[in-house]
Amino acid sequence: EIVMTQSPAALSVSPGERVTLSCRASQDVTIDLAWYQQKPGQAPRLLIFGASTRATDIPTRFSGSGSGTDFTLTISSLQSEDLAVYYCLQYNNWPKTFGQGTKVEVK
Amino acid sequence: EVQLLESGGGLVQPGGSLRLSCAVSGIPFSTYTMTWVRQVPGKGLECVSAITGSGDITYYADSVKGRFTISRDNSKNTLFLQMNSLRADDSALYYCSKAVRFSSSWFDYWGQGTLVTVSS
C-alpha cells in the first residue's frame with residue numbers, strides 16, 4: 001500500500017497570504033495525484049487532478065505541482081472561505097490512498 | 001447537474017447488517033466506475049470498495065473484504081453496498097463517489113454521505 005504523508009498537519013494563515021501544502025508518497029505515483037478540499041460538514045470537493053490540472057469551476061488561486069513522490073498544493077492568496085481540511089489522494093495503484101489531511105485555519 | 005444521494009445508514013449492533021444505496025442522476029450511470037469512501041468523523045478518508053460501470057470488476061479494501069459486497073443496478077442508476085458482520089470500527093460516514101474510470105482515476109463527484117454507527 002502506498003502511504004501518503006501530508007505536512008504540516010495544520011496551519012493558521014492571514015487572508016491574502018500564500019499557502020503551500022505538501023504531500024509525499026511512499027513510492028512513485030507519477031502524476032496520479034489529486035487534491036481535495038473538505039469544509040466543515042461537507043463532502044470532499046475535487047480541486048486538482050493529474051497533479052496540476054484544476055477541476056471545473058476551481059478558482060485560479062489554487063494550483064498544484066509535482067510528480068513522482070513529492071507534490072504541492074498552493075493557494076496564492078488565501079480567502080476566508082478557504083478554511084478547510086485539504087487531502088491528497090494517490091490513484092496510481094489500488095488501494096487508492098489519501099493523506100491524513102492538512103487543516104487550514106484563517107487568522 | 002450531477003447528483004449522488006446516499007441512504008440506508010443508521011444504528012446497528014455489532015454483527016449486524018446494513019444495505020447502503022446511492023441514487024445517481026445527471027450522468028450516464030452505466031458508463032462510470034463508482035466507489036464507496038468512508039470517513040470516521042474528524043478523521044481521514046478510506047476507499048472501501050469500487051465497481052466498474054458494467055459491474056464485472058470490483059475492489060474491496062482488506063478491512064472489509066469478505067464482509068461487504070458492492071453492486072449496482074444500471075437500470076435504476078443506483079449503487080449499493082451490502083455490509084454484513086459489522087464491527088465498531090466500521091462506524092463512519094459513507095460517501096458514494098464517481099470515478100472517471102476504474103484504474104488510474106480520481107473521484108470527481110461525491111454525495112453528502114450516510115452515517116453508519118455500529119454499537120450495542
Side-chain angles (χ1 to χ4, degrees), chain A residues 1-7 9-10 21 23 25 27-58 62 64 66-67 71 73 84-103, chain B residues 1-7 9 20 22 24 26-27 32-52 57-65 68 70 79 92-115:
Chain A
E1 174 175 318
I2 298 175
V3 176
M4 306 300 292
T5 303
Q6 292 186 240
S7 61
L21 309 180
C23 176
Q27 62 190 72
D28 188 349
V29 297
T30 66
I31 58 167
D32 293 342
L33 192 286
W35 288 96
Y36 294 86
Q37 176 193 65
Q38 187 175 34
K39 295 182 178 180
Q42 296 185 16
R45 174 195 184 196
L46 177 67
L47 297 177
I48 300 284
F49 62 91
S52 62
T53 302
R54 268 188 303 276
T56 303
D57 295 331
I58 300 303
F62 292 94
S67 66
F71 301 89
L73 175 70
V85 180
Y86 292 83
Y87 294 95
C88 60
L89 163 72
Q90 73 78 20
Y91 51 88
N92 184 260
N93 274 317
W94 289 101
K96 301 181 184 185
T97 47
F98 293 86
Q100 80 280 17
T102 293
K103 185 175 184 179
Chain B
E1 180 188 7
V2 180
Q3 292 191 331
L4 294 79
L5 183 62
E6 302 94 337
S7 61
L20 306 184
C22 175
V24 180
I27 59 168
Y32 294 105
T33 289
M34 298 296 297
T35 70
W36 289 98
V37 178
R38 69 183 180 186
Q39 182 174 37
V40 174
K43 302 294 184 183
L45 297 154
E46 178 189 18
C47 178
V48 297
S49 191
I51 186 169
T52 54
I57 302 174
T58 57
Y59 160 82
Y60 297 97
D62 287 344
S63 56
V64 306
K65 201 171 294 182
F68 289 13
I70 191 170
L79 175 72
L93 187 62
Y94 283 74
Y95 293 104
C96 163
S97 67
K98 169 191 165 292
V100 178
R101 50 187 171 273
F102 189 78
S103 295
S104 298
S105 174
W106 57 98
F107 312 132
D108 52 0
Y109 291 96
W110 298 62
Q112 287 304 303
T114 186
L115 185 63

Non-hydrogen atoms of chain B under 4.5 Å away: do they reach the side chain of Ala34(A), the backbone, both or neither?
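Only the side chain of Ala34(A) comes within 4.5 Å of chain B.
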Look at atom CD1 of Ile31(A) and say whether more than 12 heavy atoms of other residues, nucleotides or ligands are closer to it than 6.0 Å.
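Check fails, neighbour count at 12 or below.
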Any idea which heavy atoms bring Ala43(A) and Gly111(B) closest together, and the distance?
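Result for this residue pair: CB-O, 3.1 Å.
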When rounded to the nearest 0.5 angstrom, what distance separates CG in Leu45(B) from CD in Gln38(A)?
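Between atom CG of Leu45(B) and atom CD of Gln38(A) there are 6.0 Å.
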Taking everything shown except Lys39(A) itself, do over 12 heavy atoms lie less than 6.0 Å from its NZ?
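Enclosed: over 12 neighbouring heavy atoms sit under 6.0 Å from NZ of Lys39(A).
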Can you tell me how far the CG atom of Leu46(A) sits from the OH atom of Tyr109(B), to the nearest 0.5 Å?
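Output value for this atom pair is 9.0 Å.
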Aromatic ring pairing Phe98(A)/Phe107(B), orientation class (parallel under 30°, perpendicular over 60°, tilted between):
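Tilted.
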Considering non-hydrogen atoms only, spot the tightest contact between Cys47(B) and Lys96(A) and give its length.
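That closest heavy-atom pairing would be CB-O, 4.1 Å.
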With sequence neighbours excluded, residues passing disulfide bond (SG atoms under 2.5 Å apart) with Cys22(B):
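With neighbours one apart ignored, the set is Cys96(B).
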Interchain contact, Val100(B) with chain A, by part (heavy-atom threshold 4.5 Å):
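Looking at Val100(B), nothing touches chain A.
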Minimum heavy-atom separation for Asn92(A) to Ser104(B), with atom names?
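Answer, listing the atom of Asn92(A) first, then Ser104(B): O-OG, 4.2 Å.
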Could you tell me whether the side chain of Ser105(B) reaches within less than 4.5 Å of the side chain of Phe49(A), counting heavy atoms only?
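Of all side-chain heavy-atom pairs linking Ser105(B) with Phe49(A), none is under 4.5 Å.
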Can you tell if the side chain of Tyr87(A) reaches within under 4.5 Å of the side chain of Gln39(B), non-hydrogen atoms only?
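They are in side-chain contact.
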